[in-house]
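These figures come from a predicted structure and were not determined experimentally. Here is how names work: the chains are called A, B, and so on, in the same order as the sequence lines, proteins then strands, and each is numbered from 1.
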There are 2 protein chains.
Amino acid sequence: MKHTCLIALIGLLWLSSSLSAQPKYALAVHGGAGADPAHMSREEIAGVETRLQAVLRQGLAQLKAGRSSLEVVETAVRSLEDDPWFNAGRGAALNSAGEAELDAAIMDGSNLQCGAVAGVRRCKNPVSLARFVMEKTPHVLMVGLGADRFAEESGLEMVDNDYFITERARQALRKKQGTVGCVALDQQGHLAAATSTGGLTGKRPGRVGDSPIIGAGTYADDRGCAVSCTGVGEEFIRRQIAGQISQRMRFNGVSLSESVKLTFADGLPDDVGGVIALNRQGDWVLHFNTVGMSRGAADSQGRFMVAIGKDK
Amino acid sequence: MKHTCLIALIGLLWLSSSLSAQPKYALAVHGGAGADPAHMSREEIAGVETRLQAVLRQGLAQLKAGRSSLEVVETAVRSLEDDPWFNAGRGAALNSAGEAELDAAIMDGSNLQCGAVAGVRRCKNPVSLARFVMEKTPHVLMVGLGADRFAEESGLEMVDNDYFITERARQALRKKQGTVGCVALDQQGHLAAATSTGGLTGKRPGRVGDSPIIGAGTYADDRGCAVSCTGVGEEFIRRQIAGQISQRMRFNGVSLSESVKLTFADGLPDDVGGVIALNRQGDWVLHFNTVGMSRGAADSQGRFMVAIGKDK
């Protein structure tokens, strides 16, 4: 009887170690908080879901092929920037002067390297410019004309400001909060995060939200977690939401889900936004205090989900 | 014998309560990390010290008169902005195109309200513009042309970019890191922080450092502490230095000095900068890992100090 138990135990240990030896990777994406599926047409819901599914599948394929989480979050956010359905890159919300001003950030959790841009008007893919700032300069954040000039010098694709302004954005009478973001864990066990946005509809020219602020809207640290936020940026900046979620894990040893819960409970007003967060174990949390958040996540174990409204 | 003890105890309790009932206030200022007093003339050392003493005295008088810490940090930083000796406002370091681009932030620890500006070229006092962003807009951060335009609309004093460019800045061949900052505790027990800078000498146009990034170079939270940083901004952004110092106190219950020590030990490279930090008890920590940091602090108990080199 004792021997049977021992053999069963050894079998279990072998099984669990072989499972954990499997290449493990995961990613999560968001297309902004605030959308209410009750006020969206079937076509709109299907349109968002189909797009997020495509981005997840593309990211899974890259991760399976051994690509870095940094590359995966950049590619995912680029795809969402190029798609006029989201408030980032093409399709960006317009400021009060009717222009697009774009913000983006990217961060590598393996070494805390990061790059960000704000108030960009002509660089087609702000998230790629953020990566250039990270890799080709000693700087972390570049803004305004200087950022666009750097993009041009670096040979990134430039467009007229009109490129970003789509019929969809022009007609966006309803409050639009379709910031996009991605967090990923690669086979090497490294985390990365990226976020990109056109900001608030009707914002003052020059206003910058949390997306390009490292520690506010975007953060990644292998010792904690990777986070991308969406919502009323000002509330995320003053409370360092993305960084706080990672730091609570590091400083207090709480779990990812506990950390997200504690951070939201720490004075964040109701109905301001949401986060996607991922740790090195491949656990994800997609949390929001708005009526909805366009989101999706998938991993090497076969989990795959997209949703807009609250979890059932 | 027992009675004598009891009376002594009551006396002690009365004494300590009357001491704590004294109006208690404090402030600390910095004029940048990196300066080496061994390479400064006597006149230069005296010049910096005299200026910091004047700012401290002015702040003490305001605090004694019951003014808010928010007002005190704004006034102190304005004075340092107006003084061409420091790398903020007039006297700002110039970017690679020979222009001044100014950054500043301010934060109220009583309610986490905050404001910041980056890449400003014509507003005379960026710290006051940061306060306007905090108080007159729903936003936290404004950058570039939009920020200058908002300053103009708000009736703040505007100047030509040439105003900021002094002979001193033009001749700054040596690495100059004279960011300025102030933290204060008022009689109402509230903390505030402000920071202002011209950034790195020869920076790319558009580059923004940690000063205007809430949680990186500037943070204030009555539940933790008030912090203003100076140094290589990129290192302070990626590690959320100002916010981290406050959050370690809140999350882990460590003292201010312990929190500063832990934060610096958490991967911050050598020789990158320093911080001034102040808690609600009026304890201050002026810490740096460079060869020097122009700094000073004073309080209602009569403590008053300024220094540049390491503590003896």
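Pairing each heavy atom of A:Met142 with each of B:Arg207, the nearest pair is CG-CA, 4.1 Å.
Within residues 233-245 of chain B, the residues approaching chain A closer than 4.5 Å by heavy atoms are, in numerical order, B:Glu234, B:Ile237, B:Arg238, B:Arg239, B:Gln240, B:Gly243, B:Gln244. Contact residues of residues 215-225 of chain A toward chain B are A:Gly215, A:Tyr219, A:Arg223 (heavy-atom distance under 4.5 Å).
Atom NZ of A:Lys203 sits about 13.0 Å away from atom OG1 of B:Thr137, to the nearest 0.5 Å. The CZ atom of A:Phe251 sits 3.5 Å away from atom CZ of B:Arg248, with the distance rounded to the nearest 0.5 Å.
Remark: of the listed residues B:Val208, B:Asp103, B:Leu141, B:Val208 is the sole one forming a side chain to side chain contact (heavy atoms under 4.5 Å, CB included) with A:Val143.
For a residue to count as touching a neighbouring chain, one of its non-hydrogen atoms must lie under 4.5 Å from one of that chain's; by this rule B:Glu99 does not touch chain A. Both the backbone and the side chain of A:Leu112 come within contact range of chain B, judged by heavy atoms closer than 4.5 Å. Neither the backbone nor the side chain of A:Glu101 has a heavy atom closer than 4.5 Å to any heavy atom of chain B.
No other option in B:Ile214, B:Leu145, B:Asn252 has as many heavy-atom pairs under 4.5 Å with chain A as B:Asn252. Top candidate by heavy-atom pairs under 4.5 Å with chain B, chosen from A:Gly144, A:Pro205, A:Gly209, is A:Pro205. Between chain B and the options A:Ala147, A:Gly119, A:Pro138, heavy-atom pairs under 4.5 Å are most frequent for A:Pro138. For chain A, the option among B:His139, B:Arg149, B:Arg250, B:Gln247 with the highest count of heavy-atom pairs below 4.5 Å is B:His139.
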